[in-house]
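Per chain, numbering begins at 1; letters A, B, ... match sequence-line order. These numbers come from a predicted model, not from an experiment.
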Amino acid sequence: MEPILKGTGLVKRYGRVTALDHCDFDLYPGEILAVIGDNGAGKSTLIKAISGAVTPDEGEILLEGKPIRFANPIEARQAGIETVYQTLAMSPALSIADNLFMGRELRKPGIMGSVFRQLDRPAMEKFAREKLNELGLMTIQNINQAVETLSGGQRQGVAVARAAAFGSKVVIMDEPTAALGVKESRRVLELIQDVKKRGLPIILISHNMPHVFEVADRIHVHRLGKRLCVIDPKKHTMSDAVAYMTGAKVPDEVMA
Amino acid sequence: MEPILKGTGLVKRYGRVTALDHCDFDLYPGEILAVIGDNGAGKSTLIKAISGAVTPDEGEILLEGKPIRFANPIEARQAGIETVYQTLAMSPALSIADNLFMGRELRKPGIMGSVFRQLDRPAMEKFAREKLNELGLMTIQNINQAVETLSGGQRQGVAVARAAAFGSKVVIMDEPTAALGVKESRRVLELIQDVKKRGLPIILISHNMPHVFEVADRIHVHRLGKRLCVIDPKKHTMSDAVAYMTGAKVPDEVMA
Amino acid sequence: MASEAKAATSYEDGLKGASDKVAEFHEDTSALKKLQHWLHKTPSAVPLIVLVAALIIFGVVAENFFKAGTLSVILQQIAIVGILGCAQTIVILTAGIDLSVGAIAVFSSVLMGQMTFRYGIPAPASIAIGLALGTAMGAVNGWLIAKMKLPPFIVTLGTWQILLASNFIYSANETIRSSDIEKSAPALRFWGNDVVFFADEAVKNSGVKILYAVFLMIVLVAIMAYVLRSTAWGRYVYATGDDPQAAELAGVPTGKVLIQVYALAGLFCAIAGWVMIGRFGSVSPTASTGQLGNIQSITAVVIGGISLFGGRGSIVGMFFGALIVGVFEMGLRLVGTDPQWTFFLIGALIIFAVAVDQWIRKVAG
Amino acid sequence: MASEAKAATSYEDGLKGASDKVAEFHEDTSALKKLQHWLHKTPSAVPLIVLVAALIIFGVVAENFFKAGTLSVILQQIAIVGILGCAQTIVILTAGIDLSVGAIAVFSSVLMGQMTFRYGIPAPASIAIGLALGTAMGAVNGWLIAKMKLPPFIVTLGTWQILLASNFIYSANETIRSSDIEKSAPALRFWGNDVVFFADEAVKNSGVKILYAVFLMIVLVAIMAYVLRSTAWGRYVYATGDDPQAAELAGVPTGKVLIQVYALAGLFCAIAGWVMIGRFGSVSPTASTGQLGNIQSITAVVIGGISLFGGRGSIVGMFFGALIVGVFEMGLRLVGTDPQWTFFLIGALIIFAVAVDQWIRKVAG
Amino acid sequence: QDVSACLITKTDTNPFFVKMKEGAEAKAAELGVTLKSYAGKVDGDHESQVAAVEACVADGAKGILIAASDTKAIVDSVKAARDAGVLVIALDTPLDPIDSADATFATDNFKAGLLIGQWAKASLGDAAATAKIAMLDLSISQPSVDVLRDQGFLTGMGIDTVDINKWGDETDPRIVGNEVTAGNEEGGLKAMEALLAKDPEINVVYTINEPSAAGAYEALKAAGKESGVLIVSVDGGCPGVADVKDGVIGATSQQYPLLMASLGVEAIAKFAADGTKPAPTEGKDFFDTGVALITDKPAEGVESIDTAKGLELCWG
Ligand SMILES: Nc1ncnc2c1ncn2[C@@H]1O[C@H](COP(=O)(O)OP(=O)(O)OP(=O)(O)O)[C@@H](O)[C@H]1O
Ligand SMILES: Nc1ncnc2c1ncn2[C@@H]1O[C@H](COP(=O)(O)OP(=O)(O)OP(=O)(O)O)[C@@H](O)[C@H]1O
Ligand SMILES: [Mg+2]
Ligand SMILES: [Mg+2]
């Protein structure tokens, strides 16, 4: 099978730090690929390079076999790649609904929408409420609340809801459950599996080994700015994975 | 035994949201008290009220039996309460060392320090390096790096190192391991136990049940803005705790 | 292995039967709380209150203040600042600032005038050219800010000087007289026409005159209020000002939005330039709007409760802010305050109005 | 239960033997990379480069430019802006802005003069009073900003108008003449004295004169560079500008720091006011610094590479920024451009200098 | 019955207009007229003046005294005021066209410049042909007073003004350069320093007013050149005349703002009483309050008065 998304020899330097050091990367259709690694290993940089948030200094990215080069995250989104960033990327003063639909607002039907370009707030709010309910973010009282008034976990939930609702080719999530409670994390995992059922491949960065092993089809182990190996969660133990990513053990095979 | 830190009837409203709703709270000397609860239950608000970052609308806080009222976090720090905030509270453009020592800089000995008030950078850097090494944040190359160039996890590590190094009466940590990797999380847990050995009580907010049950002496379950119950991790299962905090079960006893 | 993972999360069984209800916190619904909440939700409410207070005070203190004529004069005096304020508002909502608004306005008016009188282009075409050039000047600001990533304060500080100097050089400091314009290019003076209300046919010069310029200002404020609140583009403006990185990652084309905002601001300034011709009758390159238009419009914006940090506030607030300044200036003039004292008191007003705003928000918070 | 917890994290056994080494990334150590890194690390390097380039260009283009006399005139022309720039720098580092610097300077100089001549207070005491009052004006700004939480732009826009108006009202627009000062209060003119270098005894007026004011400016910049870099207070200034909430949570008394910063800025402005007397000979309430001092000092600060968003930049950069403007103004005059064109070109320079800065940083990034 | 009048000056920071205001206030108090004063905010600001005229009309003033910043641009609002029955008197500067106002009590700024130009030319004698002249003007917006004085001076010096409606377009090699001063000491000093760097041989300095002349003198003194240079200026304020006396300024053209103001107030009082409008000076279309050249070194062929007389007539 051809990878839907493929990176080869990606390099990204920040001043003197080489955050990505000739890193390779593959994502196959319909799979959940987990990316694990130490803090500062370069995982976020990798997915930023894929989603257009940073431009790699070297290397090539192929989407469905065609080379792509995103100048900004909007182009990546238009190509169907939807991302939850570690920093969440939300406008604090705007409402939850506004944030969910940022960049793809719904307009009123008829002349109000086409000529006067009026937003269809009721429709947007209804949709937003549904999506948040799916995630079990029940402590949010008001969909028109400004995002800055949400707790850390609630914000995370909104960001995940946004990516899951709109991704069409690839969904990328950078530590989506980091700030979430037990209940909310479980919902996100269910959501990830839902998304997979819709046929979309997912890249999941997470430090939570049990979750990773529970949902991932393959695990990309990132170390010192590059891919160390790819392992199969059914054939390796969590303990192995931890040992590889921290440098305690060196993997003998290279690909899963 | 008298609680070292005690809160009664704490109320904090944000506009129409009551984030703390007549919440009680106790911390005993030398213990690790975990606070668990759903996203948005009001945990962060609770510890902000204790550490002077927000002023509660109602209620009383007692430190070693004496009522206190902190106007700002500096007063709380001067009283010996050191906090890792969920938002980390670091100045992005300043270096790691500067951030660690923010508000309690070391000055050069002799006239350079007393009259010219020159900072003792070598001493500060040495200390900073030691503290980060204790946490195993080994991927940090340069102690003079600006904090904004650190990965999410690395930043978290610096914040934890700061609180652990300087707390003298109480150390409060709001989800200190949320962004950390397996190795780094483990180090933080060890550090928490070290701090406890030094005789300091710790308040730990975390969504990671295994970690909570591993280190906590008592667990404060927070729900809908108030303390639902306090449970003993040796007598309750994680599953119980999860059930209480999400409202799946109602606890029959009230205190541990 | 996956089975091992299942075991590690077995405690999640406790979730079964977890509550699905929205948390219901106790809500304080006293009238006071409701008022506070409304004030909090309505950023233009505070300037409105200050405005009403100022009207009442001057109505009591200054005779001749509460006359329809006086009030209509106040409106026409703020027409230009109000239109420049529309430009400044959208710029400040993106966390920018435009120091060049006044210079664009004056230069555009000079361009419209010179097109007509120096090159003999028909007035309507000259106006169109002037509007286009004003928009282009704004677009250059926007391009430098969005593409070159230069700070707005610097860019517009530079273009302010550049445009003002160009204006003087190009016009040779020549004022085009009102009588010439009246004769050969009345279109330039369009916004100086007026509608007379309550006129007594028998008495000459009776009734209340409202300039077309005043209606134009109100219409522009209304349109922009709609655009900012109810269209996607309006949301982008707020998002860009709020947190540009987040907005960019969330899919807002912040670069494009910034260029559009500054270009639109340029258009508003050019419109203000056109209005200036109508209001003053003549085209004068030395009009003080070139030097002071930026400070005046910023003052209106901030008294109107719009945050200089971007992303918060409403354009209706700016309108009230401009009115507050207009009422103050007129009121103080009628009371007979010395110009330096007026200057002093407007300074105090700026601080006072913003302090009241802060205070109400804090109490309401 | 705890045992259950242990089981849930058993996979952490994999950590045994985990690497303890600092990650070693491949490092590019070519000369170019090193240069870029240095540029990145040294915020004042870029303005220095622009300055050197400007010097070279004007040295070639304008005769009379590379004469010691011309260069010393440039230094004395920027002395006041340089001192106001020190005030502006610390304020802008806290993410603030001070529009009142020029007004404080002029008002302080008027106060020093009037104390001496209207009330007959001995000049040194008048100077002390003037400095204290200038500091107090700054402290009021700081108090409004730190305690009332008002935006610095608004507060200082207000106090600018208030102080300037007070200055005119208090002084009754009366200039104290140079000859009177020389006669009865030479202390007021202290900074106008000069040191002559390379004088040829035989020739009158030979040699290069450097005003005391120039030395004062350089000393103030040096002191502030030390304070900002090497003391805790300097770190607080940066932290407050960088992220005030984070700084507050991290234990920086941001309120106190802000008040101190604005008060110190007020003191610098008052010093500038004192220097103005020495430099201009007379005490004039209408000095243009009152109106333009803010824009001039902000220009120096931003050309010097200090971020208007706070927390980034160095005061030495501001010094180079002031010099760049001084060199440009003088150079353009010597080349013989008309004042209107000079105004135009300074506008272009502001944008250009900041664009170069951005570009070098981007390449170096 | 209550007569109220308005005085609208160009700025209220320039001592010239401050004194004009004081003169008008004194006269108004004497005649029992209520006087309210307004001013532009910067040089050339006619918009604030328009706003002031509107306020005066709304306030029911009987008469308006206005020193127009832009003599053409103000015309419409003056017309509106006159239509509303208000007497409008132009002070200091005639409006364009001059009959836009009911009357004009003005000084001839061109003549003021002309006098100092003629004086400088005569004082220099043959050296006038090789003079090095520094032109210290007001502002880059070139308000009319700025242009009139500058071009008057050049005309008096016998220099071709090219376009007489604009300064700075002259090509005569004797002009070292034009600089703007904002009409204060600081501006005068900086402008002089710059022009000296350009050409240290400068020996004639034209200044827009006396404060800028004082600043220019400081710069010359610092360069050790104060003795050989002729400084000429316009205004005739008391400190300026004192500077002429001290030899700081060679000659200045004195104008009479207090006279204009008090004449204006009187005219309004008269108009309010019996509706008569003031008449212009014979042979001119305005009432000329006069200009006098003040110097202690009279030059042949140029009429002047000495500083003793000048100090008697000076306005503050
Ligand atoms: N803007 C930047 N400037 C300089 N260095 C940076 C920048 N962003 C990241 N880095 C560096 O690049 C390296 C990789 O960072 P990255 O954020 O990709 O790590 P990560 O694997 O996502 O870590 P975590 O699990 O903690 O999120 C780190 O060493 C970090 O210090
Ligand atoms: N500044 C604020 N303005 C308005 N509402 C707020 C603000 N901060 C918090 N809240 C609200 O208060 C409630 C409690 O928030 P808090 O941050 O204390 O939750 P938490 O228990 O820490 O959640 P998490 O586990 O997600 O961090 C939430 O409903 C949140 O929406
Ligand atoms: Mg990351
Ligand atoms: Mg929290």
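In this structure, CD1 in C:I154 is found 15.0 Å from CZ in D:F352, a value given to the nearest 0.5 Å. Going from atom CZ of D:F168 over to atom CZ of C:F344 covers 14.0 Å, rounded to the nearest 0.5 Å.
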Open item on the list: What verdict does the side chain to side chain contact (heavy atoms under 4.5 Å, CB included) test give for D:F153 and C:F309, after you've listed the backbone C-alpha separation in whole Å, the side-chain angles of each residue and the deciding distance to 0.1 Å?
Closed with: CA-CA 10 Å; D:F153 192 96; C:F309 303 112; over 6 Å; no
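Contact record, C:L157 with D:I295: CD1-CG2, 3.6 Å, taken as the closest heavy-atom pair. Shown here for D:A355 and C:L150, the closest heavy-atom pair between the two residues is CA-CD2, 3.6 Å. For C:Q161 against D:F343, the heavy-atom pair with the smallest separation is OE1-O, 3.4 Å.
Contacts between D:T159 and chain C at a heavy-atom distance below 4.5 Å involve backbone atoms as well as side-chain atoms. Only the side chain of C:N173 comes within less than 4.5 Å of a heavy atom in chain D; its backbone stays farther off. Heavy-atom distances place no part of C:S307 under 4.5 Å from chain D, backbone and side chain included. When heavy atoms are compared at a cutoff of 4.5 Å, C:I162 approaches chain D by way of both its backbone and its side chain. Contact of C:L144 with chain D is made through the side chain alone, with heavy-atom distances under 4.5 Å. When heavy atoms are compared at a cutoff of 4.5 Å, C:W341 approaches chain D by way of both its backbone and its side chain.
Among C:I97, C:L345, C:I298, the residue with the largest count of heavy-atom pairs under 4.5 Å with chain D is C:I298. The candidate with the highest count of non-hydrogen atom pairs below 4.5 Å against chain D, out of C:I169, C:V354, C:I346, is C:I169.
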